[in-house]
Amino acid sequence: MFRLTSVLLLLLCLSCDRTVRPAPDIVPAPQALTVQSGIFRFLSATTIFVENDVISAENLQATIQKMHGFRVPISKKTQAIQIRIAVDTTLAQPTDYYQLVVEKDLIQITGKSAAGAFYGTQTLLQSIRKEQDYFMVPRMVVEDYPRFPHRGLLLDCSRHFFSVDVVKKYIDVLAFYKMNVLHWHLTDDQGWRIQMDRYPKLTEIGAWRTEPDGSRYGGFYTKDEIREVVAYAAARHITVIPEIEMPGHTQAALAAYPEFSCIGHGVEVSNDWGVFKEIYCAGNEETFTFLENVLTEVTELFPSKYIHIGGDEAPKFRWEQCPKCQARIKTEGLADAHELQSYFIRRIEKILQAKGRQLIGWDEIMEGGLSPTATVQAWRGIDQGIKAASAGNPVVLSPTSHSYIDYDLKSIDLAKVYSLELLPKELSPEIVANIRGAEVNMWTEHVPDEATLDQKVFPRLLALAEVAWRYDTARQFDEFAKRVMTQYAFLKKWKVDYGAESDPLRLVAGTDETITLIPGSNDLSLKYLISSGNWVDYTEPIKINFSGTLTAQAFRNQVPYGAPFVQQVANHAALGLPVQLATDYNKSYTGGGPNAFTDGLLGTLDFRDGRWQGYYGAHVDATLDLGKSTPVQSVRINAYQYNNAWIFLPKKVTVETSADGKKWETMGTAYPQAKPEQRGQFIEAFHVNSAQPISARYIRLRAENLLTVPDWHEAAGSDAWLFMDEIILR
Ligand code: ACM
Ligand code: ZN
């Protein structure tokens with residue numbers, strides 16, 4: 001009797017739970033979620049029931065266990081206390097819609113499709129919480145659907161190879177955030193990673209490179225492994241879109257089969273990064289036979305509607321010299337090598353269409369005329385995507401500005417990815433309908449291992465997941481950032497070694513010869529240290545009255561957050577002076593703005609560090625007004641070279657002086673020590689000295705850009721970059 005009353009009391013209590021719990025923190029945020037009073041409580045009698053096996057109950061069971069540590073039995077029939085999953089294709093709702101209704105005894109997930117039902121289970125997984133000693137879900141109604149049908153991650157497994165286990169882990173986490181495309185970058189200059197029966201040398205030779213230190217690096221996926229990955233993804237409602245690069249980024253393939261290049265020999269699997277001039281010969285019929293055979297095997301492995309054929313960064317240098325390519329241009333009545341690119345892409349598209357597939361390629365496939373049926377992945381800018389969408393072509397957006405999560409947090413942090421505007425302007429409904437979604441691109445040139453990969457991808461992937469799923473134009477980053485904090489516990493369960501949300505701190509030059517430090521978020525405090533001095537709390541801008549090293553460190557709750565920031569500082573006679581520039585620097589490499597040459601801050605070996613001012617196909621021509629006649633004895637400026645990135649030292653640096661700004665006298669000219677051919681990333685200082693101090697009010701410095709990338713270079717003929725940091729005057 002006593003036991004019966006306590007059970008009754010307990011039941012009564014449960015049913016009279018009037019507390020409204022906080023809404024769960026879900027990423028991506030659902031379109032609509034309403035919390036009601038009370039909870040669904042997991043009891044030993046709770047089961048999972050999936051009607052008609054529309055999704056995998058075992059997968060849901062395993063993921064609940066992995067994320068929350070308890071097991072819910074699977075039932076083959078309806079029961080009183082249950083998670084019930086069904087599909088109703090007749091719902092008058094958007095594609096992949098789902099409804100999740102949490103009642104006291106029942107969690108009902110109804111998808112308009114199996115994918116929709118699956119997405120409902122991901123929302124459920126993120127909604128389960130522990131209360132006292134039991135697990136529960138707040139009573140609620142969620143109505144949700146994806147705004148864009150294509151939500152992807154590009155994973156580059158060519159530059160660095162990642163095991164099947166890593167790829168599967170990424171598929172798990174993509175699914176957890178309702179993403180549905182793994183864009184698998186399988187071939188590039190540095191490695192061919194997919195087994196091909198008909199062309200065994202693609203992996204025997206093309207999958208391996210000799211590193212500069214002589215070691216061998218490589219790997220590839222066997223056909224069985226590829227099938228395993230594709231099936232694993234399909235079970236999680238993810239399509240794997242393979243990318244087989246052509247006509248450029250093909251050194252690995254051409255190392256194996258040089259007969260398909262224009263010159264027929266001398267190609268190696270690259271052990272360096274960049275854009276290379278050896279590409280498939282578009283004049284050779286055998287090239288197309290080869291590619292058709294390759295694509296036959298590729299389409300046998302991948303059931304995806306889309307096959308990505310790359311198409312980016314194909315220098316036309318060889319095609320312009322190659323008799324076969326030139327003959328093709330003639331016989332096909334093409335204007336030039338750009339139209340030959342268009343011809344090439346259209347032929348490949350026909351091969352794919354004959355197999356019932358659709359071609360997707362990077363936005364360079366618009367070069368020389370875009371096929372009306374191709375899908376364009378815009379990477380050079382959203383505008384490229386709008387251009388293609390306006391022409392009536394389907395588009396996927398992954399602009400370098402927001403989607404390149406290989407970039408460091410200085411350039412692209414979580415907030416930046418979250419600010420991606422997929423529909424940036426007033427666009428007609430037809431154009432909007434052509435924008436199919438977005439991807440983040442994870443290129444792995446500088447990502448040798450899984451930990452680095454995780455730190456780059458997470459948490460930034462979550463921002464893209466939400467933008468592509470919810471696309472709320474009124475979204476607030478701070479609100480999103482709070483939800484991201486709650487996801488770290490899940491990411492740990494997925495064994496993701498996630499990185500920071502933003503750069504721990506930024507350093508900005510003031511106009512008054514000072515340096516301002518800005519913490520990456522409000523909860524961080526900063527300390528700094530000058531050369532080998534003592535650590536000081538940062539409270540106000542730092543006066544540049546020293547030359548040396550400034551080291552700054554962010555702290556979250558007294559614990560160091562992120563790595564220390566190290567900046568070389570130069571105090572000199574031109575510090576803080578306004579700079580007159582006769583030529584334009586590039587907007588992507590401002591060096592901090594118009595006065596970058598006199599802000600006291602020097603560039604590092606990372607050309608994206610924000611200190612280098614970059615000139616694209618243009619010289620540097622800078623004039624300083626010292627305000628009054630001043631003795632000048634030495635002028636020094638640093639230049640940067642990394643010829644893989646088309647950045648070269650200047651041909652020469654000339655310094656002139658003047659008393660009135662009209663009549664100029666040459667103080668001297670400095671020439672580079674290093675040749676343009678020298679590989680690697682390095683800085684060279686250019687000195688112009690005078691034996692005796694010269695009295696001058698004006699100083700003019702000109703640095704001569706190569707203007708075009710030299711003939712021996714892979715990107716011969718492209719505009720050349722010139723990068724400089726500071727005019728150090730003494
Ligand atoms: C690309 O980043 N070259 C597509
Ligand atoms: Zn050729």
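Heavy-atom basis, side chains included; hydrogens, waters and symmetry copies ignored. We count ligands from 1, going down the list as the structure has it; atoms in each ligand are counted the same way. This structure is a prediction, so every number in the text was calculated from the model and none was measured.
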Start with the C-alpha gap between Asp454 and Lys169, add the side-chain angles, then the distance that decides, and say whether salt bridge (Lys or Arg N to Asp or Glu O under 4.0 Å) holds. CA-CA 10 Å; Asp454 285 358; Lys169 175 176 105 172; 2.7 Å; yes
Does a sphere of radius 6.0 Å around CD in Gln681 hold more than 12 heavy atoms from other residues, nucleotides or ligands, not counting ones at 6.0 Å or beyond? yes
In this structure, CG of Leu153 is separated from NE2 of His185 (nearest 0.5 Å) by 12.5 Å
Carboxylate-amine/guanidinium proximity below 4.0 Å for Arg209 and Glu211: yes
So, Asp336 and Lys316, do they make that salt bridge, N to O below 4.0 Å? no
Can Asp606 and Arg608 be counted as an ion pair, charged N to O under 4.0 angstrom? no
What does the N/O contact table under 3.5 Å look like for ligand 1?
{"from": "ligand 1", "atom 1": "2 (O)", "to": "Tyr404", "atom 2": "OH", "distance (Å)": "2.6"}
{"from": "ligand 1", "atom 1": "3 (N)", "to": "Asp312", "atom 2": "OD2", "distance (Å)": "2.6"}
{"from": "ligand 1", "atom 1": "3 (N)", "to": "Glu313", "atom 2": "OE1", "distance (Å)": "3.2"}

Are any of the side-chain nitrogens in Arg347 or Glu285 under 4.0 Å away from the carboxylate oxygens of its partner? yes
Lys/Arg-Asp/Glu bridge criterion (N-O < 4.0 Å) met for Lys456, Asp406: no
Residue-atom pairs from the protein, N, O or S only, that lie under 2.8 Å from the Zn ion (ligand 2): Cys262 SG, Cys281 SG, Cys322 SG, Cys325 SG
Option among Trp319, Phe317, Tyr280 that satisfies the side-chain contact (heavy atoms from CB on, under 4.5 Å) test with Cys262: Trp319
